[in-house]
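So the structure is just underneath, and the comments pick up after that.
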Amino acid sequence: MDLRLDFSSPVPLYHQIAEGIRYAIATGRIVAGDTLPPVRLAGSAWGVNLHTVRRGYAELAGHGLIEICPPHPARVLGADALSAPSAELARFADSVVAKASSRYGLSAMEFAGLLAQRGAPASTKSSPVRVVECSDNQCVGHARELERHWGVRAEPWSLQQLGEPPPGEVVATFFHYNDIRRRWPHRLYEIHFAAIQPDPGLRRKIDSQVAAKGTVSLQLCEFNETMTKSIAADLSVLLPAKRYRLRTAVIKEAGERLTERGRSLVLFPPRAWAALTEAQRAHPKAVEVRYVFAPGEIEEIGQHFGWHRRRHVA
């Protein structure tokens with residue numbers, strides 16, 4: 001299937017994929033019963049990551065246009081879902097949304113989330129969502145992020161523990177996609193992966209610990225060279241080179257660089273920070289690098305699972 005994507009467009013690539021396939025269904029280029037190319041093959045043909053294709057397919061499945069039944073190819077269900085609702089049905093929907101807004105202060109999105117929650121099987125409503133990451137601290141942080149926005153109970157599931165998460169909703173990060181693929185290949189397609197980024201507050205934390213107004217010397221320490229390079233790339237966006245000089249070090253012992261002479265602050269990403277003792281964490285040169293969900297990811301996760309939004313109390 002031929003799709004032309006605009007890589008310079010502000011429209012996300014996964015949405016361009018979904019819209020391109022939607023148009024092909026609407027115009028009859030592909031019909032009910034046709035199969036879509038596997039995500040890896042499609043990603044290679046369209047010049048994008050396989051996760052981008054998977055997200056585009058998920059958007060189409062959410063609208064009832066295709067059916068995803070791994071390990072079989074995604075199958076087109078037809079153009080029926082594209083047709084506009086009748087005028088009577090549209091008026092009914094408008095009246096219900098208006099009443100939810102005027103009487104209970106719910107937006108259309110919040111009301112839709114509430115309906116999705118009530119329509120879920122009773123046995124899953126009280127089941128927690130498991131949040132998978134490489135360290136307990138990072139798991140707990142992401143779990144609390146979800147709980148602050150959505151009416152769910154989120155439990156951490158660190159990759160440091162044995163076994164696998166119980167059946168049910170699981171959220172993991174793309175950062176550890178390959179780790180999860182190796183450990184739980186049979187669970188891969190039921191896990192929702194989300195993008196993360198370094199906490200923007202890291203820059204303020206660093207600036208508060210240094211008095212110099214010039215270049216700030218930093219050293220990033222991790223146990224794995226590939227992981228070190230990936231994290232350094234993430235930090236380069238947050239910590240521009242004009243102000244921050246970032247060096248990397250692959251370490252064997254978590255706190256080994258804290259005893260070095262010099263004024264460099266030592267940055268510890270989640271796994272390395274988890275390996276430090278309490279005394280080492282309190283060292284004036286030690287700085288924790290925390291990751292948070294990237295903008296829009298928390299909203300995407302909640303919509304994917306059909307969660308209802310938490311009503312914040314002032």
Side-chain angles (χ1 to χ4, degrees), residues 130-149 154-161 171-177 179-180 193-213 215-241 243-295 297-298:
R130 267 75 183 197
V131 182
V132 177
E133 248 290 343
C134 64
S135 71
D136 290 330
N137 283 348
Q138 198 63 44
C139 283
V140 170
H142 290 324
R144 299 296 84 82
E145 284 184 83
L146 294 179
E147 289 184 339
R148 283 195 296 270
H149 289 81
E155 292 185 356
W157 188 275
S158 172
L159 287 170
Q160 295 175 345
Q161 66 189 86
V171 174
T173 65
F174 283 121
F175 214 93
H176 294 289
Y177 178 86
D179 296 323
I180 293 172
F193 288 90
I196 55 176
Q197 65 178 23
D199 186 345
L202 174 63
R203 184 169 175 173
R204 294 190 297 272
K205 183 190 297 185
I206 291 173
D207 288 344
S208 70
Q209 292 184 230
V210 295
K213 294 184 179 180
T215 302
V216 178
S217 182
L218 306 170
Q219 186 170 193
L220 173 68
C221 296
E222 226 283 336
F223 301 112
N224 177 275
E225 183 176 1
T226 301
M227 188 74 74
T228 303
K229 291 179 179 179
S230 296
I231 296 171
D234 289 344
L235 293 178
S236 67
V237 178
L238 184 65
L239 305 172
R243 164 69 171 161
Y244 306 93
R245 188 179 65 206
L246 181 66
R247 295 180 294 121
T248 61
V250 178
I251 55 175
K252 294 183 178 179
E253 299 293 333
E256 64 186 52
R257 297 304 173 106
L258 290 173
T259 58
E260 291 183 348
R261 292 185 176 182
R263 303 176 66 178
S264 294
L265 294 180
V266 185
L267 308 185
F268 295 96
R271 288 196 309 176
W273 182 262
L276 294 175
T277 65
E278 289 300 322
Q280 289 170 332
R281 293 181 184 182
H283 195 285
K285 291 170 60 176
V287 179
E288 179 185 12
V289 177
R290 293 186 63 84
Y291 273 76
V292 297
F293 286 117
E297 288 297 304
I298 292 180

Beyond-backbone contact of [X] with [Y], side-chain heavy atoms, under 4.5 angstrom:
X: Leu246; Y: Leu267; answer: yes
X: Ser230; Y: Phe175; answer: yes
X: Phe293; Y: Leu146; answer: yes
X: Asp136; Y: Pro156; answer: no
X: Ile251; Y: Arg257; answer: yes
X: Arg203; Y: Ile206; answer: no
X: Thr173; Y: Cys134; answer: no

Checklist entry - Is there a donor-acceptor pair closer than 3.5 Å between any side-chain N or O of Arg144 and the backbone N or O of Ala154? => result yes
Item to check | Candidate pair Ile196 and Glu133, rule side chain to side chain contact (heavy atoms under 4.5 Å, CB included), full reasoning | outcome: CA-CA 11 Å; Ile196 55 176; Glu133 248 290 343; 3.5 Å; yes
Next on the checklist: Tell me whether the count of non-hydrogen atoms from other residues, nucleotides or ligands lying under 6.0 Å of NZ in Lys205 goes above 12.
Outcome noted: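 Atom NZ in Lys205 is packed in, count exceeds 12.
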Which heavy atom of [X] sits nearest a heavy atom of [Y], and at what distance?
X: Ala275; Y: Ala254; result: CB-CB, 3.7 Å
X: Asn224; Y: Thr228; result: O-OG1, 2.6 Å
X: Leu220; Y: Pro269; result: CD1-CD, 3.7 Å

Checklist entry - Can you pull the salt bridge (charged side-chain N to carboxylate O under 4.0 Å, His left out) pairs that have at least one residue in residues 273-283, sequence neighbours excluded? => result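 Non-adjacent pairs meeting salt bridge (charged side-chain N to carboxylate O under 4.0 Å, His left out): Glu278-Arg281.
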Next on the checklist: The test is side chain to side chain contact (heavy atoms under 4.5 Å, CB included); show your working for Arg243 and Val216 and say whether it passes.
Outcome noted: CA-CA 6 Å; Arg243 164 69 171 161; Val216 178; 3.5 Å; yes
Checklist entry - Under the side-chain contact (heavy atoms from CB on, under 4.5 Å) test, which residues partner Glu253, sequence neighbours left out? => result Glu256
Checklist entry - With sequence neighbours left out, what residues match Gln280 under side-chain contact (heavy atoms from CB on, under 4.5 Å)? => result Leu258, Leu276, Thr277
Checklist entry - Does a donor on one side chain and an acceptor on the other come within less than 3.5 Å for His142 and Gln138? => result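 Short answer, yes.
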Under 3.5 Å, which donor-acceptor pairs link side chains of residues 283-291 to any protein atom two or more places apart or in another chain?
from	atom 1	to	atom 2	distance (Å)
His283	ND1	Lys285	N	3.0
Lys285	NZ	Glu260	O	2.8
Glu288	OE2	Arg290	NH1	3.0
Tyr291	OH	Asp234	OD2	2.8

Checklist entry - Mind checking what makes salt bridge (charged side-chain N to carboxylate O under 4.0 Å, His left out) contact with Glu222, not counting sequence neighbours? => result Arg271
Item to check | Counterpart residues, salt bridge (charged side-chain N to carboxylate O under 4.0 Å, His left out), relative to Asp179 (two or more places apart) | outcome: Arg182
Next on the checklist: For the CG atom of Asp207 and the CG atom of Leu202, what is their distance to the nearest 0.5 Å?
Outcome noted: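 Answer for the CG-CG pair, Asp207 versus Leu202, is 9.5 Å.
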Checklist entry - Atom CG in Leu238, atom CG in Asp199: separation rounded to 0.5 Å? => result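 If we round to the nearest 0.5 Å, Leu238:CG and Asp199:CG are 8.5 Å apart.
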Checklist entry - Parallel under 30°, tilted from 30 to 60°, perpendicular over 60°: which one fits the rings of Phe174 and Phe193? => result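 Phe174 and Phe193: parallel rings.
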Item to check | Candidate pair Arg247 and Ser264, rule side chain to side chain contact (heavy atoms under 4.5 Å, CB included), full reasoning | outcome: CA-CA 10 Å; Arg247 295 180 294 121; Ser264 294; 3.5 Å; yes
